[in-house]
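Shown next, in structure tokens, is the structure this report addresses.
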Protein chains: 2
Amino acid sequence: MGAQEPFVSPGAAGRTPLRPDDGRLQRGRRSRARIREAARALFRERGFDATTLRAIAQRAGMGASSLYRHIRTKEELLVDELQELQEQAWHQFRRRRVSRGGPETASERLRRFLDAEHQLLARDPDLTTIALRATTHPEARVAGQVLALQDRTVGLLAEIMLQGRSRGELRRGVDVLAAARTIAHTTNGARIAWANGQLDGEACRRAIDTAVDVLFQGIGAPPG
Amino acid sequence: MGAQEPFVSPGAAGRTPLRPDDGRLQRGRRSRARIREAARALFRERGFDATTLRAIAQRAGMGASSLYRHIRTKEELLVDELQELQEQAWHQFRRRRVSRGGPETASERLRRFLDAEHQLLARDPDLTTIALRATTHPEARVAGQVLALQDRTVGLLAEIMLQGRSRGELRRGVDVLAAARTIAHTTNGARIAWANGQLDGEACRRAIDTAVDVLFQGIGAPPG
DNA sequence: CCATCTAGGGGAACAGCCTCGCAAATCGGG
DNA sequence: CCCGATTTGCGAGGCTGTTCCCCTAGATGG
């Protein structure tokens, strides 16, 4: 994991920079910041699809083609934001550890994380929408980035469940990874329905909740 | 349901045709057939994204802009194909009713349907990929078409489970709709992973299988 | 202070999907 | 067999994300 170019200057989108970015290349860094800022604002104002690269470039004070010194793809701009939000969700989740009373059950922790995630992602449908769209362009570079993000979410969910399993809250021998994936996929699905206006924000949250419920209880009749 | 313009001539992409297509407009029908055929062949040869509208038009023997008398969107062409395949899967599933021995359990029927679906969809990643991509364009008309298709799948899954529930194979009071949605979303997710090369076809099938297993058994420890 | 090197900016242009307005083909009815 | 209406086809063109290649500013090393 984590082998995703830590700080090796995103500039010159294609070639490997000969020198590492040791802090002397300030102009580029400022440009990158302006681009991100402009993109973020415009996405929020008009939405992703209605925002043209030329508009972003203009607000960032440069020509459209110059953007490509700093980004690889339009989608990358939004995925970066998504990534930040995800980290925020994780951070927020880990910080609020034992808020009150006794230790949480795995199911409670799961819910708490999913709620945090929902709250952040429900700000803008584009965040889900465009990310998923990226995964439908398998040859594109962003696809990998988004999938890595999802994998990380799956990992966290699995971790939560593993803890629960070792405490005997979960059925023995349960395939936690499969369960984690199921949860992740279901949240994606619910959010797509939400983005398409089939669900409002609250209904989406509830759908996710219900899905976790169903998954915990199982749908099969008890063996007895 | 079913209010999706049954046969009202898809022509003139914008306006409602004054007369229904009563079988007298043969030229258009032939053109439509040629377009579909050309598109299908080219998608199979080069893949969806590598197939240009101009190429389709050329093979269909017309100019690119003329396509738009018959289709609304490039994606629509592929979604049409997907729709046919889905109907095929449903048909095939219903036909092979009681193949052998005693009555199938709900879980067996579920698996049988999912296998049939997988076999058809595993022919071409584009079928899943592009359909899902369409749902990330909420303002586009195809999005609705794809979502309707998914809803129908969910309906079928729910129906299967309802039967099982009334026979006591399922836990009482289970939310079959939520369970059906979970299954549908999970299959989508697995196929995306497959399309991105994270899973091969067989692993994808197994992932779906496992997910159904986990959902049936539940991950929570039995109350006892 | 100079030669050099490169990150970063810019304009032009490309291919993609799709829209527009107009001309031709085709239709049903008289 | 001809007329008015409707469908179908076409070329031009718009807007998009993205690439290409050239040019400059400013840092680097001597």
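When reading the values below, keep in mind they use all heavy atoms of this one structure, side chains included, and skip hydrogens, waters and symmetry mates. Just so it is clear: chains get the letters A, B, ... in the order the sequence lines come, proteins before strands, and each one is counted from 1.
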Taking [atom1] from [X] and [atom2] from [N], how many angstroms apart are they, rounded to a whole number?
X	N	atom1	atom2	value
A:R30	C:dA7	CZ	C1'	14 Å
A:L67	D:dC20	CG	P	17 Å
A:K74	D:dT18	NZ	C1'	12 Å
A:E76	D:dT18	CD	C1'	14 Å
A:R46	D:dT16	CZ	C1'	14 Å
A:I71	C:dG9	CD1	P	13 Å

Taking the basic N atoms (NZ, or NE/NH1/NH2) and the acidic carboxylate oxygens, is any pair closer than 4.0 Å for [X] and [Y]?
X	Y	result
A:R94	A:E159	yes
B:R133	B:D49	yes
A:R44	A:E81	yes

Residue that, paired with A:D124, satisfies side-chain contact (heavy atoms from CB on, under 4.5 Å) out of A:L121, A:D126, A:L120, A:T128 =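 It is A:D126; the other options fail the test.
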Under a 4.0 Å heavy-atom cut-off, which of residues 49-62 of chain B touch DNA chain D?
-> B:M62
Is there a residue in residues 130-140 of chain A whose heavy atoms reach under 4.0 Å of DNA chain D, and which residues are they?
->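 Per residue number, the list is empty: none.
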Which one, D:dC10, D:dC20, D:dC21, comes nearest to the side chain of B:R69?
->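 Looking only at heavy atoms from C-beta outward on B:R69, the closest nucleotide is D:dC10.
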Would you mind telling me which of C:dG9, D:dT19, D:dT8 lies closest to the side-chain atoms of A:Y68?
->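 The answer is D:dT19.
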Got a donor-acceptor pair under 3.5 Å from the side chain of A:S66 to the base of C:dG8?
-> no
Check if the side chain of A:S65 and the base of C:dG10 share a donor-acceptor pair of N or O atoms closer than 3.5 Å.
-> yes
Heavy-atom side-chain contact between B:E45 and B:R40 under 4.5 Å |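 No - every pair of side-chain heavy atoms lies 4.5 Å or more apart.
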Any B:R29 side-chain N or O less than 4.0 Å from OP1/OP2 of D:dT7 |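 It does not, given that no N or O in the side chain of B:R29 lies less than 4.0 Å from OP1 or OP2 of D:dT7.
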Would you indicate, yes or no, if C:dA7 has its OP1 or OP2 atom less than 4.0 angstrom from a side-chain nitrogen or oxygen of A:H70?
->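 So the side chain of A:H70 is outside the cut-off, no N or O lying under 4.0 Å from OP1 or OP2 of C:dA7.
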Please determine, by modelled atom types, if B:Q163 and B:R109 share a side-chain donor-acceptor pair under 3.5 angstrom.
-> yes
If we ignore angles and hydrogens, is there a donor and acceptor under 3.5 Å between the side chains of A:Q86 and A:E117?
->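 Yes, a side-chain donor-acceptor pair sits under 3.5 Å.
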Mind listing the closest non-hydrogen atom pair of A:T187 and A:A184 along with its distance?
->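 Smallest heavy-atom distance, with atoms named: OG1-O, 2.6 Å.
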Audit row: A:I56, A:L77, side-chain contact (heavy atoms from CB on, under 4.5 Å) steps and yes/no = CA-CA 11 Å; A:I56 297 176; A:L77 282 167; 4.0 Å; yes
